[in-house]
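Here the structure is laid out as structure tokens; the discussion comes afterwards.
We name chains A, B, ... by the order of the sequence lines, and we start the count at 1 in each one. Small disclaimer: the values here were computed from a predicted structure and weren't measured. Every heavy atom of this structure was used, including side-chain atoms; hydrogens, water molecules and symmetry mates were not.
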There are 2 protein chains.
Amino acid sequence: MVSVRDVAVAAGVSVGTVSNVLNRPDLVAASTMERVNAAIVDLGFVRNDAARQLRAGRSRSIGLIVLDVGNPFFTDVARGAEKRAGDDGFSILLGNSDESSVREASYLDLFEEQRVHGVLISPASDDLPRLHRARDRGIPVVLVDREAPDRSFSSVAVDDIAGGRAAVEHLIETGRRRIAFVGGPTSIRQVADRLAGARIAASERAEVALEYVPTSSLTVRAGVEATAALVARHPSHRPDAVFAANDLVSIGALQAALAAGLRPPDDLAIVGYDDIDFAETTTVPLTSMRQPAALIGSTAVDLLLGEASQGEGFEPQQVVYQPELVVRESTVAS
Amino acid sequence: MVSVRDVAVAAGVSVGTVSNVLNRPDLVAASTMERVNAAIVDLGFVRNDAARQLRAGRSRSIGLIVLDVGNPFFTDVARGAEKRAGDDGFSILLGNSDESSVREASYLDLFEEQRVHGVLISPASDDLPRLHRARDRGIPVVLVDREAPDRSFSSVAVDDIAGGRAAVEHLIETGRRRIAFVGGPTSIRQVADRLAGARIAASERAEVALEYVPTSSLTVRAGVEATAALVARHPSHRPDAVFAANDLVSIGALQAALAAGLRPPDDLAIVGYDDIDFAETTTVPLTSMRQPAALIGSTAVDLLLGEASQGEGFEPQQVVYQPELVVRESTVAS
DNA sequence: GCCGTGAGATGATTCGTTTCAGTCGTGAGA
DNA sequence: TCTCACGACTGAAACGAATCATCTCACGGC
């Protein structure tokens with residue numbers, strides 16, 4: 001493996017000069033630079049990032065931990081983050097916690113060992129102490145799609161309470177009275193907030209009943225199972241609307257409804273959350289709360305880099321975007 | 001930032017002993033180990049991976065470059081790879097080339113600088129020399145979802161020619177005669193092979209016409225645009241079936257067909273490729289060629305680790321899986 | 001009392017890069 | 001002629017962990 005030393009020898013200069021060619025080309029004479037570059041190409045020299053990092057003390061990478069890589073919402077967030085990070089010469093390390101706090105912790109460990117420039121995380125649990133520890137060690141942390149209860153971290157989120165409320169208000173306006181909220185676990189803050197918003201909207205009208213149907217994860221499968229149980233009930237006890245905690249669950253809910261012979265929106269209305277691309281291509285296109293996924297990702301990187309460049313006296317900032325209701329045939333007949 | 005030296009001082013031992021506690025616990029006395037571990041917790045010591053790597057010469061990470069993170073097929077591949085890698089203590093660095101050879105090259109550079117343990121790549125282009133260079137520098141390379149023309153690399157692929165052929169044979173059997181293959185660019189091997197397979201199947205029956213409708217990328221949007229142009233033709237020139245290069249394109253094709261007032265499968269049959277989860281939840285559930293995505297990912301890691309542990313005399317291996325036709329309502333009325 | 005043995009601990013050295021104080025030589029100004 | 005400034009380049013030190021040839025010590029055997 002060829003090192004700067006080899007390049008230096010080949011070009012007849014010192015290692016310091018090779019380093020300058022690589023990092024501060026303005027400090028070196030044109031003719032020297034040419035010789036060094038020729039040697040680099042000749043020998044096939046590739047910088048060793050580990051040595052670079054060791055010297056620098058931190059890496060040029062940013063860790064991103066998402067709840068589910070299979071969810072297009074999060075890949076969109078990742079895309080936004082990656083683009084923004086790339087502009088500043090940073091790269092994104094993507095970790096998938098699959099809603100497991102164990103996996104989440106192991107990614108945090110990994111990222112800490114890598115002396116990552118910072119961590120963007122959509123937490124699976126409420127383990128804020130763990131995050132504080134990371135920050136105490138000098139690694140900035142920004143919460144994604146979630147706010148810190150005590151505002152001790154910067155965050156980029158969408159107002160999930162408002163979103164939950166708007167979704168249920170839409171269902172009420174279109175005539176539904178028995179609404180089921182499908183999703184879980186509530187240890188995921190997004191779920192808890194959307195449910196809270198839904199409850200607020202429901203509580204404003206005495207004739208509206210809101211039922212919480214928990215699931216163990218936010219997947220298509222979970223949506224199918226929970227909804228299948230709902231629609232198997234006697235018609236008099238069956239909800240007339242499902243508000244799903246995210247679009248994967250809502251897709252599952254739609255499948256279960258169709259399998260049971262129900263025809264949305266008449267027999268059952270369905271609202272999802274995230275407005276992933278696939279929500280508009282389903283058998284019955286799904287009404288959903290749209291979130292600006294890529295913008296969330298890029299804003300998170302902004303906040304992170306800001307915090308990283310400032311240091312001690314940094315004041316955490318909360319950015320909150322508003323979700324937007326996208327109405328489709330799963331709630332309103334076309 | 002606390003280092004092994006600080007831990008050693010706090011525990012009253014040498015740095016070598018701390019390192020032994022971390023890496024070869026069997027060599028150190030129980031009482032010593034306890035003291036060291038206590039010091040580690042006390043001081044909040046976190047190993048510096050850069051220093052570790054520098055010493056070791058290579059990292060415990062494997063780079064994975066995919067064509068499109070937004071495509072669930074690739075996230076499934078990534079999942080499979082990550083799981084398998086994790087079992088051996090490796091982590092996966094996920095890079096998204098977005099079908100751009102420029103982005104692909106920049107990820108390769110990054111991974112080389114990181115002295116990655118190996119690279120799994122679903123190449124966007126035919127730049128094999130670049131890959132050979134990486135391997136010459138000691139970085140094993142395994143091709144994913146694609147075979148090397150000269151078998152000079154190990155690979156895990158699915159027989160796309162057979163897949164393309166089976167898809168078109170299915171269309172012919174169900175009565176279609178004017179078939180459009182939608183997708184591109186053909187510089188992506190998967191596209192070229194699926195098209196080649198389609199042509200073979202079509203050529204076996206004189207009365208079948210196959211038309212190639214290129215797109216610039218494999219996305220829902222591209223599928224919509226290409227198909228919209230097709231269905232806008234006079235009925236006598238309109239194809240009676242679309243074979244899409246992947247499911248994202250087929251979802252786009254379905255949207256365009258519905259928007260034009262056509263009702264699959266009668267007015268237009270549609271076959272996709274990959275059988276992503278969302279293929280069965282579309283307005284008209286999509287017939288698709290299923291590929292064992294997670295298995296592809298884990299097998300690729302297997303081959304990579306095998307090659308990495310052997311070294312020089314390694315013989316590239318080709319693993320080829322067979323795709324499986326999954327018939328749904330987009331080709332056969334229910 | 002001596003030697004051999006082996007468990008346990010040591011600490012100097014190494015990995016490859018960046019940085020920075022310092023050297024060298026040239027040319028302008030006094 | 002001497003000094004000073006400056007551009008160009010040098011090379012040693014430092015980053016933090018892992019390794020391995022050595023060293024220490026206690027104990028058993030004779």
Restricting to salt bridge (charged side-chain N to carboxylate O under 4.0 Å, His left out), what partner residues turn up for [X], sequence neighbours left out?
X       : answer
R151(A) : E147(A)
E104(A) : none
D76(B)  : none

*asked:* Suppose the criterion is salt bridge (Lys or Arg N to Asp or Glu O under 4.0 Å): which pairs have a residue in residues 36-51 of chain B, not counting sequence neighbours?
replied: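 Qualifying pairs: D49(B)-R52(B).
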_salt bridge (Lys or Arg N to Asp or Glu O under 4.0 Å) contacts touching residues 87-101 of chain A (sequence neighbours left out)_ =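 Only R84(A)-D88(A), D98(A)-R79(B) qualify under salt bridge (Lys or Arg N to Asp or Glu O under 4.0 Å).
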*Return the residues of residues 30-46 of chain B meeting this criterion: a heavy atom under 4.0 Å from some atom of DNA chain C. Order them by number, or give none.*
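Result for residues 30-46 of chain B: T32(B), sorted by number.
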*Residues of residues 105-119 of chain B with any non-hydrogen atom less than 4.0 angstrom from an atom of DNA chain D: list those, numerically ordered, please.*
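Within residues 105-119 of chain B, no residue comes under 4.0 Å of DNA chain D.
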*asked:* For a quick check, with a 4.0 angstrom heavy-atom cut-off, what is the B/S/- contact string for nucleotides 18-25 of chain C, read 5' to 3'?
replied: BB------
*Return the angle between end axes of the helix from dG1(C)-dC30(D) to dA30(C)-dT1(D), with five pairs used per end and rounding to 10°.*
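Inter-axis angle at the ends, rounded: 60°.
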*Using the test side chain to side chain donor-acceptor pair (under 3.5 Å), find all partners of S152(B) that sit at least two apart in sequence or belong to another chain.*
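Result, side chain to side chain donor-acceptor pair (under 3.5 Å) vs S152(B): H132(B), D150(B).
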*Not counting sequence neighbours, which residues clear side chain to side chain donor-acceptor pair (under 3.5 Å) with R133(A)? List them please.*
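Scan of R133(A) (side chain to side chain donor-acceptor pair (under 3.5 Å), adjacent residues dropped) gives none.
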_Summary of side-chain hydrogen bond (donor to acceptor under 3.5 Å, both in side chains) pairs that have at least one residue in residues 29-38 of chain A, sequence neighbours excluded_ =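 Listed by first then second residue: nothing to list.
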